[in-house]
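Below is one structure, written out as structure tokens; comments come after it.
Please read these numbers as outputs of a predicted model, since none were measured by experiment. Atoms within each ligand, like the ligands themselves, are counted from 1 in listed order. Just the heavy atoms: all of them, side chains too, but no hydrogens, waters or symmetry mates, feed the values below. Numbering of residues begins at 1 and proceeds along the displayed sequence.
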Amino acid sequence: MHTPYIDIHTHCRNEQHDVLSLQNCIVGKDYFPSAICSVGIHPWHIDIDFDKQYNALETYAARENVLAIGECGLDKLTKTKWEKQIKCFEQQIQLANIVDKPLILHCVRAYQETFQVLLQQKVAVPVIFHGFNKNIALAQSVLKQGYLISLGADMLKGAKNNLISDLPLEKIFLETDDKSISIVDIYTYFCAVRKISMDQLRNQLAQNFQNVFKYSYL
Ligand SMILES: [Zn+2]
């Protein structure tokens, strides 16, 4: 197989043969897929019966096609009670530590709180901040703590070119999330701004994927 394009976070099923995508499954909302996926409880979708939802997540988390826990995390703009969000996030960090799978994070206006909870819970697996669309200073502070960053369709608006130019290639991923866009377009845009070849980017992100997820697509 040719080095695939890697879409680290999507809510859609992959239909392109040269794309390897990590489909996201929200427990209690989405069907559990047979393809490789991340599985988690999103702060927007915490059930009233959280214990039951978490038990289901625990069961899924051990499955072989589950490569990561998430998206999960903290969101200051959602109506979900803060205490509930914290508890749900803490438990998912612990679960990720137990099953030894990376975490994919949703973080809205709660970076400092997220850093704090990760530290308190002694996160021991790779952490990826998905859909990152903040400034370079915040990106640096994410990287300084050893975490990774995934960039999405937001970059196509042109306001994130400094992130594209400055971020270390071995610390990033690309994603489509819930946008109806091809990951190839995101790769193409990234290469144009970063002034690197498509081959270089494809190889680097495939390498990152193997390093972080310990998954071989060969
Ligand atoms: Zn998402």
| message | Looking at K84, I'd like to know if its NZ atom is crowded, meaning that more than 12 non-hydrogen atoms belonging to other residues, nucleotides or ligands lie closer than 6.0 Å. | response |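 It does: K84 NZ has more than 12 such atoms within range.
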
| Rounded to 10 degrees, the angle NE2 of H9 makes with OD1 of D177 at the Zn ion (ligand 1) |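 Rounding to the nearest 10 degrees gives 90°.
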
| request: Answer yes or no: is there a donor N or O on one side and an acceptor on the other, between the side chain of E71 and the main chain of N24, under 3.5 Å? | output: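 Side chain of E71 to backbone of N24: no pair is present.
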
| With a cut-off of 2.8 Å, does H106 place any N/O/S atom under that distance from the Zn ion (ligand 1)? |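 Short answer: no, not a single N, O or S atom is under the cut-off.
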
| Can an N, O or S atom be found in D178 less than 2.8 Å away from the Zn ion (ligand 1)? |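 Here the distance criterion (N, O or S atom, under 2.8 Å) is not met by D178, so no.
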
| task | Using distance alone, with no hydrogens and no angle criterion, decide if Q204 and E170 have a side-chain donor and acceptor under 3.5 Å apart. | result |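 Judged by distance alone, the side chains do not pair up.
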
| query | At their closest point, which heavy atom of C12 faces which heavy atom of Q23, and how far apart are they? | reply |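 Minimum heavy-atom separation between C12 and Q23: O-CG, 3.6 Å.
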
| said: Suppose we only allow N, O or S atoms; which atom of E71 ends up nearest to the Zn ion (ligand 1)? | reply: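 When I compare the N, O and S atoms of E71, OE2 is nearest to the Zn ion (ligand 1).
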
